[in-house]
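Since the structure comes first, as structure tokens, the remarks are kept for the end.
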Amino acid sequence: EGHQGSIWCLAQGGAYLFSAGDDMGVKTWQFAEAPAGFAPVVELKGHQAPIQVMKTAANILLSADRNGAVCLWDLASGSLTLQIATEHTNLLRAMWVEESHLFTAALDGHVKVWSPTGELLHDHTVTNQHGHPSGVTAMAVVSEPTAGGEEGDQVLLTACDDQAAPLPCHP
């Protein structure tokens with residue numbers, strides 16, 4: 001019992017493992033004793049495109065598909081609680097959750113910041129050394145090191161499809 005097509009992402013939340021990909025469904029698995037390993041629990045459906053990335057935060061699973069739809073699932077009930085149409089104009093490739101903010105990024109060169117209710121708070125265009133939009137393929141929030149070696153402010157690092165090293169975004 002598995003997916004139809006490729007699996008593009010995995011996430012873990014509580015006692016569950018989540019997998020998703022080409023078949024547009026999120027499969028929920030729970031660890032079971034040998035020989036099964038993992039047993040299927042439920043499949044979450046709500047996407048209309050292959051799912052590219054998933055994250056868990058508190059009791060929520062977030063799944064994002066290539067067309068830019070982000071679904072928030074309640075882990076206790078398995079129900080879809082919110083769907084965000086990010087309106088990225090190219091494939092959504094990355095998502096990050098930091099405190100109460102959701103970041104989405106796509107090959108259109110945009111990093112967007114969302115509130116917990118799905119309100120767009122900020123839209124930042126990542127550009128290359130020539131000032132052209134650069135497609136974002138991955139991102140992470142890290143602490144910026146200080147001269148004394150302590151952790152400084154939080155910064156968002158982006159990796160892009162332009163072969164450049166990750167650079168911090170200071171929106």
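Here the structure is a predicted model, which means the values were calculated and not measured. Values below: every heavy atom of this structure, side chains too, minus hydrogens, waters and symmetry copies.
Nearest heavy atom pair, residue Asn67 against residue Ala49, reads ND2-CB, 3.3 Å. Nearest heavy atom pair, residue Gln48 against residue Asp65, reads N-OD2, 3.8 Å. Of all non-hydrogen atoms in Gly46 and Trp73, the two that sit nearest each other are N-CH2, 4.1 Å. Taking all atoms of both residues into account, the shortest heavy-atom contact from Met54 to Cys9 is CE-O, 3.6 Å. Residues Leu82 and Gly118 share a closest heavy-atom pair of CD2-N, 3.9 Å. Scanning both residues, Leu44 and Gly78, for their nearest heavy atoms gives CD2-O, 3.3 Å.
Put simply, the side chain of Lys112 reaches to within 4.5 Å of the side chain of Glu87, judged on heavy atoms. Between Cys71 and His47 the shortest side-chain heavy-atom distance falls below 4.5 Å. Inter-residue side-chain proximity for His110 and Thr125 is flagged as met; some heavy-atom pair is nearer than 4.5 Å. Val126 places a side-chain heavy atom less than 4.5 Å from the side chain of Cys160. Annotation: side chain of Val70 is in contact with side chain of Met95 (closest heavy-atom distance under 4.5 Å). You'll find the side chain of Thr28 stays beyond 4.5 Å of the side chain of Leu75, heavy atoms only. At least one side-chain heavy atom of Trp114 sits less than 4.5 Å from a side-chain heavy atom of Leu120.
Hydrophobic cluster membership differs between Val42 and Leu17, with clusters built from Ile, Leu, Val, Met, Phe, Trp and Tyr side chains linked at under 4.5 angstrom. Under the 4.5 Å side-chain heavy-atom criterion for Ile, Leu, Val, Met, Phe, Trp and Tyr, Val53 and Ile7 are members of distinct hydrophobic clusters. Taken together through direct or relayed side-chain contacts under 4.5 Å among Ile, Leu, Val, Met, Phe, Trp and Tyr, Val26 and Leu72 form parts of separate hydrophobic clusters. Hydrophobic clustering (side-chain heavy atoms under 4.5 Å, transitive across Ile, Leu, Val, Met, Phe, Trp, Tyr) keeps Trp8 apart from Ile51.
Applying the side-chain hydrogen bond (donor to acceptor under 3.5 Å, both in side chains) rule to Glu98 yields the partners Trp96; only residues at least two apart in sequence or on another chain are considered. Partners of Asn90 by side chain to side chain contact (heavy atoms under 4.5 Å, CB included), not counting sequence neighbours, listed by chain and number: Leu107, Asp108. For Val97, the side chain to side chain contact (heavy atoms under 4.5 Å, CB included) partners two or more places apart in sequence, or in a different chain, are Lys55, Ala57, Leu62, Leu102.
A distance-only check finds a donor-acceptor pair linking the side chain of Gln12 to the backbone of Gly14 [under 3.5 Å]. Judged by distance alone, the side chain of Ser100 and the main-chain N or O of Pro116 form no donor-acceptor pair under 3.5 Å. For the pair Ser115 (side chain) and Thr117 (backbone), a donor-acceptor distance under 3.5 Å is present. Remark: the backbone N or O of Asp22 is not paired with any side-chain donor or acceptor of Ser6 at under 3.5 angstrom.
Using the six-membered ring where Trp is involved, Phe18 and Tyr16 have ring planes that are tilted, between 30° and 60° apart. Classification of the Phe38-Phe31 ring pair by plane angle, with boundaries at 30° and 60°, yields perpendicular.
From His124, atom NE2 reaches atom CG of Leu156 across 8.0 Å, with rounding to the nearest 0.5 Å. Rounded to the nearest 0.5 angstrom, His88 NE2 and Asp123 CG are separated by 7.5 Å.
For the 3.5 Å distance criterion, the side chains of Gln154 and Ser143 qualify, holding a donor opposite an acceptor.
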Inset, instruction - Please lay out, stage by stage, how Val111 and Phe103 fare under the test side chain to side chain contact (heavy atoms under 4.5 Å, CB included). - result: CA-CA 7 Å; Val111 173; Phe103 297 79; 4.3 Å; yes
